[in-house]
J.: 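Have a look at this one before I ask anything.
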Amino acid sequence: MQGYILNTQKVRDEDLLVTILTENRIKILYRFYGARHSNLLLGYKIDFEAHPTNRENLKQLRNVSLLNFKWLLKRERYYIWQQFLQLLFKHLRDVNEVDSFYYKLLEETSLYLEKSHPKRVVIESYAKLLEFEGRLHNDFSCFICEKNIESKVVLTRAFLPACSTCLKSENGFDKKKIELFFDEKNSILLNDNEVENLYNIILEGL
């Protein structure tokens with residue numbers, strides 16, 4: 001079985017509770033400490049087995065193999081990847097069964113991180129997540145006054161759009177650029193400053 005580590009939590013000395021996103025489930029497994037065990041860190045992709053223990057609702061993580069990516073050695077890319085997975089962990093923390101979309105999204109995101117700008121990859125992946133969950137507001141109606149946004153759009157958490165009259169912000173976006181970004185899930189028209197602003201919105205929570 002394969003999956004992505006969304007969280008690790010130390011328990012009793014060096015033992016760990018490891019939260020893993022697999023294709024259809026989120027598993028919380030117990031990993032006993034051992035000198036021959038490899039380090040398990042947030043963001044790693046692993047192949048593993050889940051073995052029964054004497055506790056009914058908790059299985060043991062065993063026979064772990066790391067399936068890591070070359071870009072994990074690039075500090076900025078790995079840090080941004082970890083931030084995204086931390087946010088995803090919080091977003092899915094009360095869920096056991098998940099749609100395969102989330103696993104496939106991480107597969108795709110990890111592939112693009114090899115060559116593309118990491119923050120662009122994350123904001124594009126997040127737009128796909130919002131669309132899948134039915135939360136991508138591409139009608140561009142202000143969530144405050146409910147009027148159609150004509151030119152400058154202000155985006156809040158979850159890329160919720162507002163007009164510049166209702167919500168004053170120095171980080172407003174050109175509507176046409178955001179329309180293309182929402183439609184194509186492609187940040188090609190956005191400059192680096194706009195990408196940074198969108199990324200900071202994501203950091204507020206998925």
J.: Is the closest side-chain heavy-atom distance between Tyr103 and Tyr4 below 4.5 Å?
T.: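 When only atoms from C-beta onward are counted, Tyr4 and Tyr103 do touch, with a gap below 4.5 Å.
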
J.: Please list, one pair per line, the donor and acceptor atoms closer than 3.5 Å that link side chains of residues 61-74 to other protein atoms, with sequence neighbours excluded.
T.:
residue	atom	partner	partner atom	Å
Asn63	ND2	Glu49	OE1	2.7
Trp71	NE1	Ser110	O	2.9

J.: Leu58 and Tyr30: which non-hydrogen atoms are nearest, and at how many Å?
T.: CD2-CD1, 3.7 Å

J.: Between CD of Gln82 and CG of Leu41, what distance do you get to the nearest 0.5 Å?
T.: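 Rounded to the nearest 0.5 Å, the CD-CG separation comes to 7.0 Å.
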
J.: Donor-acceptor pairs under 3.5 Å, side chain of residues 142-155 to any protein atom, not counting sequence neighbours: which ones?
T.:
residue	atom	partner	partner atom	Å
Asn148	ND2	Glu150	OE2	3.4

J.: Is any side-chain heavy atom of Val121 closer than 4.5 Å to a side-chain heavy atom of Pro118?
T.: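 A side-chain contact under 4.5 Å is absent here.
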
J.: Within this structure, what is the CG-CG distance for the pair Asp99 and Leu105, rounded to the nearest 0.5 Å?
T.: 11.0 Å

J.: Cluster question for you: counting only ILVMFWY and a side-chain heavy-atom cut-off of under 4.5 Å, with indirect links fine, are Phe132 and Phe181 together?
T.: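 Same cluster: Phe132 reaches Phe181 through Ile, Leu, Val, Met, Phe, Trp or Tyr contacts under 4.5 Å.
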
J.: Please tabulate, for the side chains in residues 16-29, all donor-acceptor contacts under 3.5 angstrom to protein atoms that are two or more places apart in sequence or on a different chain.
T.:
residue	atom	partner	partner atom	Å
Thr22	OG1	Arg25	N	3.2
Thr22	OG1	Arg25	O	2.9
Arg25	NH1	Glu97	OE2	3.3

J.: Within the 4.5 Å heavy-atom criterion, are Gln2 and Lys45 side-chain neighbours or not?
T.: yes

J.: Of all residues at least two apart in sequence or in a different chain, which pass the salt bridge (Lys or Arg N to Asp or Glu O under 4.0 Å) check with Asp183?
T.: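 If we apply the salt bridge (Lys or Arg N to Asp or Glu O under 4.0 Å) test to Asp183, skipping adjacent residues, there are no hits.
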
J.: Rounded to the nearest 0.5 Å, what separation is found between the OH atom of Tyr44 and the OG1 atom of Thr8?
T.: 11.0 Å

J.: Grab the two heavy atoms, one from Arg120 and one from Asn191, that are nearest each other, plus how far apart they are.
T.: NH2-C, 3.7 Å

J.: Step through the shown structure and confirm whether more than 12 heavy atoms of other residues, nucleotides or ligands are within 6.0 Å of CZ on Phe101.
T.: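 Atom CZ in Phe101 is crowded, with more than 12 foreign heavy atoms closer than 6.0 Å.
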
J.: Is there any side-chain hydrogen bond (donor to acceptor under 3.5 Å, both in side chains) pair reaching into residues 130-145, and which pairs are they, with sequence neighbours excluded?
T.: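 Residue pairs with at least one partner in residues 130-145: His91-Glu133, Tyr102-Glu133, Glu131-Lys185, Glu133-Arg135.
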
J.: Begin with the C-alpha distance, continue with both residues' side-chain angles, and end with the deciding distance and a verdict on salt bridge (charged side-chain N to carboxylate O under 4.0 Å, His left out) for Glu114 and Arg77.
T.: CA-CA 9 Å; Glu114 179 65 34; Arg77 290 176 189 270; over 6 Å; no

J.: Given side chains that start at C-beta, do those of Leu198 and Lys119 come closer than 4.5 Å, heavy atoms only?
T.: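 A side-chain contact under 4.5 Å is absent here.
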
J.: Can you find a pair of side-chain heavy atoms, one from Glu194 and one from Lys177, that are under 4.5 Å apart?
T.: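 Yes, close enough: below the 4.5 Å cut-off.
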
J.: Hydrophobic clusters here meaning ILVMFWY residues chained together by side-chain heavy-atom distances under 4.5 Å, can you tell me if Ile5 and Met1 are in one?
T.: yes

J.: Using side-chain heavy atoms (C-beta onward) and a distance below 4.5 Å, is Asn197 in contact with Phe173?
T.: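 Touching, per the 4.5 Å side-chain cut-off.
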
J.: Over 60° means perpendicular and under 30° means parallel, so tell me whether Phe159 and Tyr126 are parallel, tilted or perpendicular.
T.: perpendicular

J.: To the nearest 0.5 Å, tell me how far Asp174 CG sits from Leu189 CG.
T.: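 Going from the CG atom of Asp174 to the CG atom of Leu189 covers 9.0 Å.
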
J.: Grouping I, L, V, M, F, W and Y whenever their side-chain heavy atoms are under 4.5 Å apart, do Phe84 and Val95 come out in a common cluster?
T.: yes

J.: Hey, are the side chains of Leu113 and Trp81 touching, using non-hydrogen atoms and a 4.5 Å cut-off?
T.: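 When only atoms from C-beta onward are counted, Trp81 and Leu113 do touch, with a gap below 4.5 Å.
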
J.: For the atom pair CD (Glu108) and OH (Tyr112), what is the distance rounded to the nearest 0.5 Å?
T.: 4.0 Å

J.: Can you tell me how far CG of Leu180 sits from NZ of Lys175, rounded to the nearest 0.5 angstrom?
T.: 13.5 Å

J.: Would a hydrophobic clustering, with Ile, Leu, Val, Met, Phe, Trp and Tyr connected at side-chain separations under 4.5 Å, put Leu6 with Leu87?
T.: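 Result: yes, single cluster for both.
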
J.: Identify whether Ile123 and Leu160 are in the same connected component of the hydrophobic contact network (ILVMFWY, side-chain heavy atoms under 4.5 Å).
T.: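 No, because Ile123 and Leu160 fall into different hydrophobic clusters, even though each may have its own neighbours under 4.5 Å.
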
J.: Taking all non-hydrogen atoms of both residues into account, name the closest pair between Lys59 and Pro52 and its distance.
T.: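 Distance-wise, the nearest heavy atoms are CG-CA, 4.3 Å.
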
J.: Would you name the heavy atoms of Gln86 and Leu42 that are closest together and state the gap between them?
T.: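 That closest heavy-atom pairing would be CG-CD2, 3.2 Å.
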
J.: If you look only at distance, which donor and acceptor atoms sit under 3.5 Å apart when one is on a side chain in residues 199-206 and the other is two or more places apart or in another chain?
T.:
residue	atom	partner	partner atom	Å
Tyr199	OH	Gln83	OE1	2.4
Asn200	ND2	Glu196	O	3.3

